[in-house]
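I'd like to ask some things about the structure below.
Below, read A as the first sequence line, B as the second, and so on, with proteins coming before strands; counting in each chain starts at 1.
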Amino acid sequence: MNKLLLIDGNSIMNRAFYGIPDMTTNDGRHTNAIYGFLNIILKVIEEEQATHICVAFDLKKKTFRHEMYEAYKGTRKGMPEELHEQMPRIKEILQAMHIRIVEQEGFEADDLIGTLSKKGEREGFAVTILSGDRDLLQLATDTVLVRIPKTKHGKTEVEDYYAKNVVETYGVTPLIFIDMKGLMGDTSDNIPGVPGIGEKTAAKLLAEYGDLDGVYAAVDSMKASKMKQNLIENKDLAYLSKTLATIKLDCPIPFEFSEATYNDPFNAEAYTLFEDLELKSFYKRFSVEKKEELTFETVLIDEIDGYNALLAKLQKAKEVSFAWITQDGEALGVAVCMDLEHVYLIRFMMFITEAMVADNLLALSRDYQVQLACMHVKKLLSFLNFHEEDAVFDAGLAAYLLQPNQSEYEYDTLAKVYLDVTLPSDKEMLGKEKLGYFSFEDEKVQKWMAYQAIVPYKIKSVLREKLKETGMESLYDEMELPCLYALYEMEKNGIRVDGEALHQYGKKLRTRIEELTAEIHAMAGEEFNINSPKKLGEILFEKLGLKNGKKTKTGYSTSAEVLEKLTNAHPIIPRILEYRQLTKLNSTYAEGLAGYIRADGRIHGKFHQTVTVTGRISSADPNLQNIPTRMPLGREIRKVFIPEEGSVFVDADYSQIELRVLAHMSGDAALIAAYQADEDIHAITASQVFDVPLDQVDSTLRRKAKAVNFGIVYGISSFGLGQDLDISRKEAEGYIEKYFATYGKVKEFLDRTVEDAKKNGYTVTMFGRRRPIPELASSNFMTRSFGERAAMNAPVQGTAADIIKIAMVRVNRRLKEEHLQSKLVLQIHDELIIETKKEEVEIVQKLLVEEMMHAAELSVPLLVDANVGNSWYDAK
DNA sequence: CGATTCACG
DNA sequence: ACGTACGTGAATCGG
């Protein structure tokens, strides 16, 4: 039997738009509704095994029913621009997929669907209707199925309704469902209904009196009530609502279903559209031949004569790009490119050794003035001994500066953004295949290797040009590129950790954790997983009946913030808080860090340079930038980080660098003066904001003022500040106003920053680093507000990040220039740690403080605190 | 694999 | 009216 699927295009697009978080293409076109729409309909098409499909859309022109409603209530909300722009695109896609689109001027999508559904039934189709709108339930019959997708926790579930299911759920037949809408209305569909009558009352009335006419025939005999009054007063409204809710079944349909067959949806034409919109998750459905968009020849070099001939050519080249091919830390070969027509794949072997090729590459830069380019220089440095001076172009790093909000910078993404060429990704090409000697003979792997050399070759000039255009060329050349070498050295150096001390620390924690576990289980009266917020919530708020439990999303919140308010409500609470703290310390730090200690007794974490949107460095595997310090017990962990014999740690950190940057960038005289006089900034702020003489500012007031200062840097909101200080939004509002009255230029600066960001689409740091903030253009209040706060924060956080990068680069240079044996080991945003030979302590400390202080000339001094110690704990 | 929680600046 | 502070990474749970 033929299956007809009728899709309510507008309502499904609408559902998808609000159900799927914002998604955009690289050039900023929104695709979330398109993505969600396609996911829903493809899922249903598959389930239904549909043979014929129609997707109905409203046309822009107002319909009769709109006009009736607007006559009643004035305006109707238009759709947000982000959704609006997706409508023509989804239609294009459907057309390309040979899926029938139905539109009629003067008719809404549901009228068309109603008509088509009847026509389909008459012609012997099994009809299914897919809509996000419950209005369509009136079309359900014994054979016509209405399906309504719901997004639950990110997953789409579909509710199915035949006539009998409508009766089960709403107590009325589909036809009477229209009368029900007339009584209860439907806010989402702009149907007013009778005031005071909701689902329950409407269902009761209709069960008793049959339909709307029945209700009004009997209305006079009802006993006096508010409801009766409402019914009588709003009779016209009820009938108007019914008319509004009634779907037409007699629209003109100028085509036959034979023109709506579902056939060959995943064709080449559709593929180019999917590609254009970067809807990658659908690519695998297409079996079309992907056309090769980069044409080149791969040449395998695996004997010495060929290699020598190639080398001679490379030495004469001006620009050479390369990709070091590795597997599990072992080098297999290198792909090299010096023109657009060829990629040479050099396979390491007996007579073409890794060491030899590495030396030759280095010599290209140093002896033959060849400009080298590749993808991720830092990753290569353990194989290739390049230095800062070699200035190897790093395509990933350049691309990061241009678009720091991307999640990765692999060859396929870069090719798409900068060459408008779609290449298969790592995953698509290799899957889980392990590379080896014979991979050089596998055509697919050859391509993959080649891409990584030819992409940087091709995009280098594009990236250079864009860096110039955006004023970020010197940022790239003088800050980011040199910084990469300092970061690599920190990774290589690692930091020494006393494994035995770490083990003892963990043991101490675990003893206490066991005690707490037993006590908590005893108090709860059962054994349960304390680590499961879900279980814990049930125990606390249901079994033990603790009140509050207010913060929810997918259950009760059991965050420390909530639990702390309940500390005195039950003795189990403080134990859970302690348990949480200890298990965190144990699993993340005691046990977590232990797993990273290498044979040299040191932890070699990674420092990522292309992760954060603001320009900061991030740390991972393990994260060495979040080692505890705020709580005494956690801080103890820092005792296990120790220098090697004969060395100490010299640790230096900036004092309030972000607020100082703010003082400078805003030019606020009061703030600048306070810093120039080396005043206690939080105390001064307290005195100003709370109208208290400076000598009467107590610790509580100072703490509050500190929160205000932090809030300013974070992009202040009265709600956020209120939350942090546990005061009312109103009160927080007062603090902020007082702050801005004191530091007027700061307000001007923040306002100007947001305004410029809205105009340009990005913010800029003192050193020209940009942060795009697409959220500022959103029509969604929440999203836009976030963008505004981010815009206030980014120049400040970003400039501070720039400054410490400059300091790192200079410190690292001086350590080398002055032939010191001390080495950088950690960077924690505003802090640098140098493992320092004892005989170098004085000079290193001086050098470190000097370079940090003078990394930037601001209108306020950059103060640096420095300490020396035999562990990280002691040096701070 | 997303949500929750929590460690840091 | 909308419901949040800015920027990260890791462990854990549960679908």
Side-chain angles (χ1 to χ4, degrees), chain A residues 21 152-155 404-405 528-537 551-563 576-577 580-593 595-596 605-608 611-631 633-635 637-638 653-654 656-658 662 707-725 729 732 736 763 771 773 775 778-798 800-801 804 826-831:
Chain A
K152 260 195 172 178
H153 311 311
K155 282 198 172 172
N405 49 352
F528 68 102
N529 187 349
I530 311 171
N531 292 326
S532 163
K534 190 165 167 255
K535 281 269 167 52
L536 183 62
K551 289 230 297 178
T552 48
K553 192 163 192 179
T554 57
Y556 305 102
S557 169
T558 65
S559 68
E561 191 197 334
V562 171
L563 296 187
I576 288 168
L577 284 167
R580 278 260 179 86
Q581 210 186 4
L582 299 194
T583 49
K584 173 91 180 179
L585 291 174
N586 185 49
S587 50
T588 305
Y589 301 104
E591 291 178 352
L593 289 176
Y596 284 101
K606 293 182 180 138
F607 290 95
H608 294 297
V611 169
T612 73
V613 275
T614 54
R616 274 190 179 176
I617 300 299
S618 87
S619 161
D621 306 319
N623 183 350
L624 294 171
Q625 291 179 323
N626 74 346
I627 304 299
T629 185
R630 292 175 191 170
M631 306 288 286
L633 180 62
R635 192 171 201 155
I637 294 183
R638 295 183 172 220
D653 70 320
Y654 284 112
Q656 298 168 347
I657 186 168
E658 292 189 346
L662 180 68
V708 175
N709 280 326
F710 266 91
I712 296 293
V713 172
Y714 289 161
I716 195 96
S717 81
S718 51
F719 197 97
L721 181 63
Q723 186 88 8
D724 190 57
L725 287 179
R729 197 198 57 78
I736 295 168
T763 60
R771 168 181 176 170
I773 310 186
E775 290 88 348
S778 171
S779 61
N780 178 295
F781 175 87
M782 244 276 284
T783 310
R784 196 173 57 249
S785 302
F786 166 76
E788 289 167 359
R789 293 193 298 273
M792 293 187 244
N793 173 262
V796 178
Q797 187 183 127
I804 195 156
L826 290 182
Q827 187 258 38
I828 309 101
H829 309 306
D830 64 351
E831 174 183 2

Check A/G605 against A/P622 and note the closest heavy-atom contact, atom names and distance.
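Closest approach of A/G605 to A/P622, heavy atoms only: CA-CD, 3.9 Å.
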Presence of A/R789 side-chain N/O under 4.0 Å of C/dC6 phosphate oxygens OP1/OP2:
yes
More 5' along DNA chain C: A/S618 or A/I716, using each one's nearest nucleotide?
A/I716
Across the strands shown, which category fits A/R771 at heavy-atom distances under 4.0 angstrom: base, sugar-phosphate, nothing?
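Sugar-phosphate, no base atom in range.
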d(CG, A/L536; P, C/dT12) in whole Å
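Rounded to the whole Å, the gap is 16 Å.
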For a quick test of reading the model: is some side-chain N or O of A/S587 closer than 4.0 Å to OP1 or OP2 of C/dT12?
yes
State the pairing partner of C/dA1; accept Watson-Crick or G-U wobble contacts with both distances under 3.5 Å, and report none otherwise.
none
Could you check whether A/I828 gets within reach of a base, just the sugar-phosphate, or nothing at all, counting any heavy atom under 4.0 Å?
sugar-phosphate
A/V708 vs A/L721 side-chain heavy atoms within contact, under 4.5 Å:
yes
With a 4.5 Å cut-off on side-chain heavy atoms, are A/Q797 and A/T612 touching?
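The answer is no, as the side chains (C-beta and beyond) never meet within the 4.5 Å cut-off.
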Rounded to whole angstrom, note down the P distance from B/dC6 over to C/dC2.
27 Å
Under 3.5 Å for both donor-acceptor distances, Watson-Crick or wobble: does B/dG2 have a partner, and if so which one?
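Partner of B/dG2: C/dC13.
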Any side-chain N or O of A/T588 under 4.0 Å from OP1/OP2 of B/dC6?
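A/T588 to B/dC6 OP1/OP2: no side-chain N or O under 4.0 Å.
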Over 12 foreign heavy atoms within 6.0 Å of CZ, A/F528
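Yes.
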Taking any heavy-atom pair under 4.0 Å as a contact, classify A/D653: base, sugar-phosphate, or nothing.
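If one applies the 4.0 Å heavy-atom cut-off, A/D653 turns out to touch nothing in the nucleic acid.
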Identify whether any heavy atom of A/S717 sits under 4.0 Å from a base atom; if not, whether one sits that close to sugar-phosphate; answer base, sugar-phosphate or nothing.
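Answer is base: heavy atoms of A/S717 come under 4.0 Å of a base.
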With heavy atoms under 4.0 Å as the rule, sort A/F786 into base, sugar-phosphate or nothing.
sugar-phosphate
How is A/L585 classified with respect to the nucleic acid when contacts are heavy atoms under 4.0 Å: base, sugar-phosphate, or nothing?
nothing
Between atom CZ in A/R630 and atom P in B/dC8, what is the gap in whole Å?
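After rounding, the reported distance stands at 5 Å.
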Heavy atoms only, 4.0 Å cut-off, all strands: where does A/N780 land among base, sugar-phosphate and nothing?
nothing
Under 4.0 angstrom, heavy atoms only, what part of the nucleic acid is A/A801 near: base, sugar-phosphate, or nothing?
nothing
Taking the side chain as every heavy atom from C-beta outward, state whether A/L633 and A/L582 have any atom pair closer than 4.5 Å.
yes
C/dC13 base / A/K534 side chain donor-acceptor hit below 3.5 Å:
no
For a quick check of understanding: with a heavy-atom distance under 4.0 Å over all strands, which category does A/G715 fall into, base, sugar-phosphate or nothing?
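Counting heavy atoms under 4.0 Å across all strands, no contact is made by A/G715.
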Between P on C/dA5 and CD on A/Q797, what's the gap in Å once rounded to a whole number?
15 Å
How many Å lie between CG on A/N531 and P on C/dG14, as a whole number?
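After rounding, the gap between these two atoms is 9 Å.
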Out of C/dG9, B/dC6, B/dT5, whichever nucleotide has its closest atom nearest the side chain of A/T558:
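The nucleotide sitting nearest to the side chain is B/dT5.
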Whether the A/S532 and A/N529 side chains hold a donor-acceptor pair (N or O, under 3.5 Å, no angle test) is what I'd like checked.
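Note: A/S532 and A/N529 side chains miss the donor-acceptor criterion.
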Can you figure out which of C/dG3, C/dA10, C/dT8 approaches the side chain of A/T612 most closely?
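It is C/dT8.
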Phosphate contact (C/dC6 OP1 or OP2) by A/R616 side-chain N/O below 4.0 Å
no
A/K584 has a side chain; which of C/dG14, C/dG9, C/dG7 sits nearest to it?
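Nearest to the side chain of A/K584 among the choices is C/dG9.
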Is any side-chain nitrogen or oxygen of A/N793 closer than 4.0 Å to OP1 or OP2 of C/dA5?
no
A/V796 near the nucleic acid: base, sugar-phosphate alone, or nothing, with a heavy-atom cut-off under 4.0 Å?
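No contact at all - A/V796 keeps every heavy atom at 4.0 Å or more from the nucleic acid.
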Quick one: A/E788 CD to C/dC6 C1', roughly how many Å, whole number?
14 Å
Using atom CD of A/E658 as one end and atom C1' of C/dG7 as the other, report the distance to the nearest whole Å.
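It is 9 Å, rounded to the nearest whole Å.
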Measuring from the side chain of A/A790 (C-beta onward, heavy atoms only), which nucleotide among B/dT5, B/dA7, C/dC6 has the closest atom?
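From the listed options, C/dC6 comes nearest.
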With a 4.0 Å limit, can you tell me whether A/S619 has a side-chain N or O closer than that to the phosphate oxygens OP1/OP2 of C/dG9?
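It does not, given that no N or O in the side chain of A/S619 lies less than 4.0 Å from OP1 or OP2 of C/dG9.
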With rounding to the nearest 0.5 angstrom, report the CD1 to CG distance, A/I657 to A/L662.
12.5 Å
Rounded interatomic separation in angstrom, taking CD1 from A/I530 and C1' from B/dT5
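Interatomic distance, CD1 of A/I530 to C1' of B/dT5: 15 Å.
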So A/T583, base contact, sugar-phosphate only, or nothing? Heavy-atom distance under 4.0 Å.
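Here A/T583 touches no strand at all.
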So, do A/R729 and A/Q723 sit near enough that their side-chain heavy atoms are less than 4.5 Å apart?
no
Shortest non-hydrogen separation from A/R771 to A/A794 and the atoms involved
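Reported closest heavy-atom pair: CD-CB, 3.6 Å.
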What's the closest nucleotide to the side chain of A/F781 if the choices are C/dG9, C/dC2, B/dC8?
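Given the options C/dG9, C/dC2, B/dC8, the side chain of A/F781 is closest to C/dC2.
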Whether A/S532 contacts C/dG14 is assessed here as follows: a side-chain N or O lying under 4.0 Å from the phosphate OP1 or OP2. Is that the case?
yes
A/Q581 CD to C/dA10 C1', in whole Å, measures 17 Å
Is A/R580 touching bases, backbone alone, or none of the nucleic acid, heavy atoms closer than 4.0 Å?
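Sugar-phosphate contact only - A/R580 comes under 4.0 Å of backbone atoms but never of a base.
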Would you mind classifying the nucleic acid contact of A/D724 as base, sugar-phosphate or nothing, using non-hydrogen atoms under 4.0 angstrom?
base
B/dA3 to C/dT4 separation - P atoms, rounded to the nearest Å
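The same atom, P, in both gives a distance of 14 Å.
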Selection from B/dG9, B/dT5, C/dT4 that lies nearest to any side-chain heavy atom of A/D830
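Closest nucleotide to the A/D830 side chain: B/dG9.
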Answer with base, sugar-phosphate or nothing: what part of the nucleic acid does A/A707 contact at a heavy-atom distance below 4.0 Å?
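Base contact - A/A707 has a heavy atom under 4.0 Å of at least one base atom.
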